[in-house]
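Notes follow once the structure below has been shown.
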Protein chains: 2
Amino acid sequence: MPDTPPIPPLRLREFLPYRLSVLSNTISRRIAELYDREFGLSIWQWRVMAVTGDAPGISATEIGQRTAMDKVAVSRAVAGLIELGYLERKAAEEDGRRSKLYLTRTGQSVYDEIVPMAMAEEQALEAVLTPDERRELTRLMEKLAGSASPDRPLW
Amino acid sequence: MPDTPPIPPLRLREFLPYRLSVLSNTISRRIAELYDREFGLSIWQWRVMAVTGDAPGISATEIGQRTAMDKVAVSRAVAGLIELGYLERKAAEEDGRRSKLYLTRTGQSVYDEIVPMAMAEEQALEAVLTPDERRELTRLMEKLAGSASPDRPLW
DNA sequence: CTTAATTAGTTTCATATGTAACTATTTGTT
DNA sequence: AACAAATAGTTACATATGAAACTAATTAAG
């Protein structure tokens with residue numbers, strides 16, 4: 001038997017950042033697989049489609065803000081979606097640097113198919129929780145998010 | 001012809017998989033930054049050190065099971081840690097394929113430093129929650145984890 | 001025993017991702 | 001007007017990651 005460590009052991013399994021990461025990755029992986037298999041979309045592309053469907057004419061920068069993606073990730077996802085024929089870009093008349101993004105006809109029909117699937121998937125996931133528990137989870141996550149916000153100093 | 005029913009808008013911000021992913025990434029990023037800055041460790045390397053410190057002589061496969069890392073990730077993390085001089089490998093006498101892993105003297109002292117930091121970080125994060133809330137969060141996360149387990153079929 | 005199948009772990013290769021540098025345009029200053 | 005600074009978005013490069021192929025050792029089957 002090894003000596004007792006000089007400090008209290010850290011149990012990874014009980015470590016909140018670890019538990020959160022494993023849970024989130026498990027869920028993300030399932031969903032990524034679904035979107036990829038059904039529509040050839042990455043999670044990033046799906047997020048871009050989701051916000052563009054919700055706010056047609058949105059700019060890449062705004063997409064970044066709404067999806068917590070950085071501008072490079074947005075740029076790449078948009079490029080891929082245009083390649084796939086799901087998205088189109090129009091120059092913004094008031095600002096030559098920006099462009100406005102829209103779902104194409106095809107993109108819209110993919111969107112119309114994928115949204116109910118995504119919602120069903122979320123509901124299947126959440127089905128194990130009661131409505132009260134869902135609200136409580138949201139509340140707790142928001143508290144944590146405040147505590148972990150990137151601008152906040154570490155100690 | 002009946003109109004196609006309008007697709008209810010999907011609000012990414014209210015979408016649990018998205019919220020979980022953003023929260024987890026925010027937290028992971030903070031922690032990754034800390035470990036990297038202080039000890040030159042990636043999150044994967046830190047996880048390997050954590051379980052090796054907790055169970056000296058552990059094998060790579062067991063590390064994978066305890067950390068939810070795949071064997072390639074474990075192999076790379078271990079290689080890096082040996083390179084850094086934090087970990088050493090001894091052949092397992094009973095099975096020539098395995099090796100047993102141990103923290104080196106240096107690795108142990110890094111471990112002794114990093115564990116209290118990690119715990120402090122976790123406590124700073126959790127400080128916004130009451131003990132009841134922490135228990136409740138754990139309970140809800142476990143329910144979700146059951147619902148999302150990878151072997152479970154999608155629909 | 002001898003060979004096939006399994007397991008532990010590493011390496012290879014193709015792709016994903018993050019950071020920094022870059023282009024083009026707009027805004028602010030004088 | 002002229003030029004510096006800021007902003008939108010893309011490109012390039014270096015590194016991270018995952019899947020599959022591979023090596024070596026062990027176990028199972030005939």
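For the numbers below, each heavy atom of this structure counts, side chains included, while hydrogens, waters and symmetry mates do not. Labels below follow one simple rule: chain letters A, B, ... track the order of the sequence lines, proteins then strands, and each chain is numbered from 1.
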query = Hey, are E136(B) and R139(B) close enough for a salt bridge, meaning a charged N less than 4.0 Å from a carboxylate O?
reply = yes
request  = Would you jot down, in residue-number order, the residues of residues 59-87 of chain A having a non-hydrogen atom under 4.0 Å from DNA chain D?
outcome  = S59(A), A60(A), T61(A), K71(A), V72(A), S75(A), R76(A)
message = Whole angstroms only, please: what is the CZ-C1' distance between R98(B) and dT10(C)?
response = 16 Å
message = Ignoring hydrogens, what is the shortest heavy-atom contact between T26(B) and A148(A)? Give both atom names and the distance.
response = CG2-O, 3.3 Å
query = T138(A): what forms a side chain to side chain contact (heavy atoms under 4.5 Å, CB included) with it, not counting sequence neighbours?
reply = E142(A), R19(B)
note = Contacts of E122(B) meeting side-chain hydrogen bond (donor to acceptor under 3.5 Å, both in side chains) (sequence neighbours excluded), chain-then-number -> none
ask   = Residues in ring pair (Phe, Tyr, Trp, His ring centres under 6.0 Å) with F15(B), at least two apart?
value = none
query = In Å and rounded to the nearest 0.5 Å, what is the CG to CG distance from N25(A) to L20(A)?
reply = 10.0 Å
ask   = What heavy-atom pair brings D54(A) and R11(B) nearest, and what distance separates the two atoms?
value = OD2-NH1, 3.2 Å
Distances under 3.5 Å only, N/O to N/O: pair up the protein atoms with those of nucleotides 23-27 of chain D.
| from | atom 1 | to | atom 2 | distance (Å) |
| --- | --- | --- | --- | --- |
| dA25(D) | O3' | G96(B) | N | 3.3 |
| dT26(D) | OP1 | G96(B) | N | 2.8 |

query = Side chain of S28(A), backbone of S24(A): donor and acceptor closer than 3.5 Å?
reply = yes
key: Nucleotide dA8(C), atom C1' - distance to NZ of K100(B) in whole Å   = 15 Å
task = Decide if atom CD of E93(A) counts as having more than 12 heavy atoms of other residues, nucleotides or ligands within a radius under 6.0 Å.
result = yes
task = List in numerical order all residues of residues 40-50 of chain B for which some heavy atom is under 4.0 Å away from an atom belonging to DNA chain C.
result = none
message = So, OP1 or OP2 of dT17(D): does either fall under 4.0 Å of a side-chain N or O from R29(A)?
response = no
message = Quick check against the 3.5 Å criterion: does R13(B) have a side-chain atom that pairs as donor or acceptor with the backbone of R66(A)?
response = no
